[in-house]
Amino acid sequence: MALDRATGLAESARALAAGEVTSRALVEQALERIAASQGSLNAFRVVRAEAALAEADAADRELTAGVRGPLLGVPVAVKDDMDVAGEPTAFGCQGEFPAVTQDGEAVRRLRAAGAVVVGKTNTCEFGQWPFTEGPAFGATRNPWSTEHTPGGSSGGSAAAVAAGLVPAALGSDGAGSVRIPASWTHLIGIKPQRGRISTWPRGESFQGITVNGTLARTVADAALLLDAASGNHDLDPHRPPAVDASGAVGRDPGRLRIALALKPPFTALPARLQPEVRAKVVELAEKLASLGHTVEEADPPYGQIGLTFIPRATAGLAERVGEAPFPALLDRRTRDAARLGRLLGGAPLRAARRAEAVLHRRIGGFLTSYDVILAPTTAAPPPRIGSMLKLSGLATDRAMIAACPFAWPWNVLGWPGVNVPAGFVGQGLPVGAQLLGPAHSEPLLVSLAAQLEAELRWHEAWPPVREIATDSPAA
C-alpha cells in the first residue's frame, strides 16, 4: 500500500502499526517529494536521505517485532535551529557549520516516540523575520503561490507541510514564527506554553520569548506532534505541568466567552489590519457565535508591551551573534540588532523580565472575563519573495510590523496560541487567525480549533499542483 501526500501524521502512524505500509516506503516517498520540490519550494537546508532510510529500516524491524510507539516509523521534519546529531545547525546563516554530536531535547523526544527525521527545514537568519530567504540558501517559497513567501521564521517547515512533503514538522516561535507561516500556508500552528517543548540545549531561547511548536494540516496531527515532542530536560528552567493535547481534539469545548481582538497592540511604528483580512477573521467569529459561543469585540490591555519585547529579543539575538562562527557573513541588520541588544542587555533587560509578572496579572485579569481571544494572526496576506530581503533595518522593521503586528505579545507572556486557517484573499493567498489563551490552556485551544475544523474542513483544501513539482493527493 502506498500513502499519498494527503495522508496525515496520525493516519501514517496507524497504517504503520497495522502493517499496511512500511516506514521505508513512507520515508522513500517523503524523500522523493522533497527532491522533486526542492527546485520550486526550497523547503530544506539539510536532507538526511541515507540516515533517514537506515532509521526507517530500524523502525520496520521494531514494528515487525511488535514494538509500538506514537510515531514509530513516521517521517517528520524539524527546523534548522534544532540540533540533530550528526548534522549542522546553521539557523539560516551562511558558512559551513560543524555537525553537532547530540540531539536537542525536542528532537530526542521525537526520536523516542519513533519518528524518523528526514531533514532540517530552512529559516531566515537567527529566525528574525517573517520571510524565509537569505544568501545562505536562497528563497523558500509558498506552495500556494511560489511568487510569495511562506512566512517566517519557520517558513521551511510550513512549506514542507503545506505541500505534503512531510505530514507534520516542528518549528519555533519567538514573535509568531510558527503562527505566521501557518497563517500564510493554510495550516494549524501551535505555539505552546513556554517550556512545553524543550528548547534545550538553550533552556531559555532568546531570553525566554522563543518556544518550539508544531505545524500540521489538521488539529489532531498538530496535537499528536505536540504530545510526542513535549517534555523537559533535567536542567530546563521552565517545566509546565503536562497536558494531553490529543485527548482534547474530540472534546466539546463547551460554551465559551470569546473576545474578538482586532486592534493591533501598541507598536512604535504604524500597523493597520487590512480590510480583506479583517473580513476573514470576522467570518470566523461569526462561525464561533453560530456554534453557541458568546463573541464580542474586546481588546486585551496590552499597554506598552513592546517595550518589554525589544530588550529580550535583541539581547537574545546578541547572545546568538556572539557565538556565530562566521560573524562577518551575517546580515547587516543582524549585526545592528545585536549591537542594540548588547546596549539593552543590562538594566533594560532586567526591567523587561520583571515586567512579565505585571503583564500576567493585567492580561490575566482580562482573561477572567473571557476564556479565549480570537485575533488576526497577521494584518496582511503573505508578501512577495524578495520584498523585504534588501531593506534597511528600519525599513524591515516597518514592513514586519505592518504585516505582522499581532502575534508577538503572547511570546512575552509565554502562553499558548493556535493559528487556524481563516480562508483566502486576493489571488488565493491564505490568511489565518489566532486562538489565544491563558497559561497551560493548550487543551482548551485545541478543542476549540478542532470544533472549527469539523465545521470548516479547511484541511481538504490543497495548494494548486502547478505550483509544486511533486505528486498530488488522490482526487
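Bear in mind the structure is a predicted one, so any value in this text is a computation, not a measurement.
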Please step through side chain to side chain contact (heavy atoms under 4.5 Å, CB included) for the pair I373 and L367, ending with a clear verdict. CA-CA 8 Å; I373 297 166; L367 287 167; 4.0 Å; yes
When you check the side-chain N and O atoms of T121 and S157, is any donor under 3.5 Å from an acceptor? yes
Lys/Arg-Asp/Glu bridge criterion (N-O < 4.0 Å) met for R5, E32: no
Side chains of K79 and S154: donor-acceptor distance under 3.5 Å anywhere? yes
Polar contact flag, side-chain donor to acceptor under 3.5 angstrom, T132-N122: no
Using a strict cut-off of less than 4.0 Å between a Lys/Arg side-chain nitrogen and an Asp/Glu carboxylate oxygen, indicate whether E297 and K263 qualify as a salt bridge. no
When you compare the side chains of N411 and R179, does any donor N or O come within less than 3.5 Å of an acceptor on the partner? yes
Quick check: are there more than 12 heavy atoms from other residues, nucleotides or ligands sitting under 6.0 Å from CZ of R255? no
Which atom of V118 lies closest to which atom of P75, heavy atoms considered: CG1-CB, 3.6 Å
Would you please test R217 and E453 for salt bridge (charged side-chain N to carboxylate O under 4.0 Å, His left out) and show each step? CA-CA 10 Å; R217 294 185 54 79; E453 181 178 83; over 6 Å; no
In terms of side-chain geometry, is the basic nitrogen of R257 or D371 positioned less than 4.0 Å from the acidic oxygen of its partner? yes
Is any side-chain N of the basic residue among D80 and K120 closer than 4.0 Å to the acidic one's carboxylate O? yes
Once rounded to the nearest 0.5 Å, what's the spacing between atom CD of E62 and atom OG of S23? 10.0 Å
Atom pair OG1 (T140) and CG (N42), whose distance is rounded to the nearest 0.5 Å: 4.5 Å
Do you know which of W184, W462, F424 makes ring pair (Phe, Tyr, Trp, His ring centres under 6.0 Å) with W144? F424
For L41 and N142, run side chain to side chain contact (heavy atoms under 4.5 Å, CB included): C-alpha distance rounded to whole Å, both residues' side-chain angles, the deciding distance at 0.1 Å, then the answer. CA-CA 7 Å; L41 297 184; N142 195 320; over 6 Å; no
For the atom pair OG (S12) and CD (Q29), what is the distance rounded to the nearest 0.5 Å? 9.0 Å
Side-chain (T185) to main-chain (A162) donor-acceptor, under 3.5 angstrom: no
Search all heavy atoms of A379 against all heavy atoms of A402 and return the closest pair with its distance. CB-O, 3.4 Å
Side-chain H-bond candidate by donor/acceptor type, S172 with D81, under 3.5 Å: yes
Please give me the minimum heavy-atom distance between R398 and P270, naming the atom from each residue. NH1-CD, 3.9 Å
For the residue pair H186 and W458, is the inter-centroid distance of their aromatic rings smaller than 6.0 Å? no
Indicate the atoms forming the closest heavy-atom contact of G171 with V178, along with that distance. C-CG2, 3.7 Å
In Å and rounded to the nearest 0.5 Å, what is the CG to OG1 distance from L436 to T377? 8.0 Å
Do S153 and S177 have side-chain N/O donor and acceptor atoms under 3.5 Å apart? yes
Under the criterion salt bridge (charged side-chain N to carboxylate O under 4.0 Å, His left out), I'd like the reasoning laid out for K280 against E276: C-alpha separation, chi angles, the key distance, then a yes or no. CA-CA 7 Å; K280 292 299 179 182; E276 66 269 33; over 6 Å; no
Which atom pair, heavy atoms only, marks the closest approach of A216 to A222? CB-N, 3.4 Å
Mind running side-chain hydrogen bond (donor to acceptor under 3.5 Å, both in side chains) on S246 and D227 for me, showing each step along the way? CA-CA 7 Å; S246 294; D227 286 339; 2.8 Å; yes
Do the side chains of E356 and R312 get nearer than 4.5 Å, heavy atoms only? yes
With side-chain hydrogen bond (donor to acceptor under 3.5 Å, both in side chains) as the test, pick out the partner of H238 among R194, E204, Q193. E204
For Q427, is the CD atom crowded, meaning more than 12 foreign heavy atoms sit under 6.0 Å from it? no
I would like to know whether I188 and L215 meet side chain to side chain contact (heavy atoms under 4.5 Å, CB included); could you show each step before the answer? CA-CA 6 Å; I188 304 298; L215 294 121; over 6 Å; no
Heavy-atom closest pair, residues V76 and A115: CG2-CB, 3.9 Å
Trace of the side chain to side chain contact (heavy atoms under 4.5 Å, CB included) decision for V281 with V431: CA-CA 9 Å; V281 178; V431 293; over 6 Å; no
Looking only at side-chain N and O atoms, does D236 offer a donor or acceptor that is under 3.5 Å from a partner on S198? yes
Salt bridge (charged side-chain N to carboxylate O under 4.0 Å, His left out) contacts in which one or both residues fall within residues 121-132, not counting sequence neighbours: none
Going by the angle between their ring planes, with limits at 30° and 60°, are W408 and F309 parallel, tilted or perpendicular? tilted
